[in-house]
Amino acid sequence: ARRSSSRVDASATSERCLDWLKELGLDDAQVKKATAKFPKLLAYKVENNLKPIAQWFVELGMDASQLKKVILGFPQLLGCSLEGNLKPTVQWLRDLGLDDTRVARVISGR
């Protein structure tokens, strides 16, 4: 019974992730592209992992199109540790003299 329960949990997590990606404005083809590039994306919990990172990108100054570009081009970033990886990397870019607008452009490749 435990195995089927964890499969149900994984399925629910995957479905929630797919729904969240669509809520961000990605169409079916874009969702397929992002999850094909980074299949582990489907295993991340939206509330605990994905939303906090996406929200942090928005707070950094990313607009919706830049966020979509990040998810399509570098979906692995949503799997990075916010405290252990993303924030120190952004701080390094700031230390190089980039403001948050430029940092957002660097991250989104735009």
Fill in the blank from the handout: Nearest heavy-atom approach of K37 to G73 is NZ-O, 3.2 Å
Exercise for the section: Mark yes when over 12 heavy atoms from residues, nucleotides or ligands other than K32 sit less than 6.0 Å from its NZ; otherwise mark no. Expected result: no
Practice task
Can you measure from NZ (K33) to CG (L72) and round to the nearest 0.5 angstrom?
Solution key: 5.5 Å
Practice task
Specify the closest pair of heavy atoms between V90 and W56, including all atoms of both residues, with the distance to one decimal.
Solution key: CG2-CH2, 3.2 Å
Practice task
Decide side chain to side chain contact (heavy atoms under 4.5 Å, CB included) for I107 and L86; before the verdict, give the C-alpha distance in whole Å, the side-chain angles of both, and the deciding distance to 0.1 Å.
Solution key: CA-CA 10 Å; I107 294 169; L86 296 173; over 6 Å; no
Problem - N85 side-chain N/O to S81 backbone N/O, donor-acceptor pair under 3.5 Å - result: no
Handout entry: Lys/Arg-Asp/Glu bridge criterion (N-O < 4.0 Å) met for K51, E23
Key = no
Handout entry: Side-chain (K68) to main-chain (G25) donor-acceptor, under 3.5 angstrom
Key = yes
Handout entry: Nearest heavy atoms of T13 and L42, plus distance in Å
Key = CG2-O, 3.6 Å
Practice task
Mind running side chain to side chain contact (heavy atoms under 4.5 Å, CB included) on V70 and L78 for me, showing each step along the way?
Solution key: CA-CA 9 Å; V70 166; L78 293 174; 5.8 Å; no
Practice task
Rounded to the nearest 0.5 Å, what's the gap from CH2 on W20 to CD on E47? Could you check?
Solution key: 10.0 Å
Handout entry: Stepwise side chain to side chain contact (heavy atoms under 4.5 Å, CB included) check, I53 with L77
Key = CA-CA 8 Å; I53 291 174; L77 288 177; 5.8 Å; no
Handout entry: Salt bridge R94-D100, side-chain N to carboxylate O under 4.0 Å
Key = yes
Practice task
Indicate yes or no: at least one non-hydrogen side-chain atom of L82 is less than 4.5 angstrom from one of K87.
Solution key: yes
Practice task
Identify the two heavy atoms, one from Y44 and one from C17, that lie closest to each other, and give their separation to 0.1 Å.
Solution key: O-CB, 4.5 Å
Practice task
Identify the two heavy atoms, one from A34 and one from I71, that lie closest to each other, and give their separation to 0.1 Å.
Solution key: CB-O, 3.7 Å
Problem - R105 and Q66: CA distance, side-chain angles, deciding distance, side chain to side chain contact (heavy atoms under 4.5 Å, CB included) verdict - result: CA-CA 8 Å; R105 286 185 190 149; Q66 287 174 309; 3.8 Å; yes
Exercise for the section: Take atom CH2 of W92 as the centre, draw a 6.0 Å sphere, and report whether it contains more than 12 heavy atoms from other residues, nucleotides or ligands. Expected result: no
Practice task
Report the residues that fulfil side chain to side chain donor-acceptor pair (under 3.5 Å) with K22, sequence neighbours left out, ordered by chain and then residue number.
Solution key: D28
Exercise for the section: Could you tell me which non-hydrogen atom of L24 sits nearest to which non-hydrogen atom of L67, and how far apart they are? Expected result: CD2-CD2, 4.3 Å
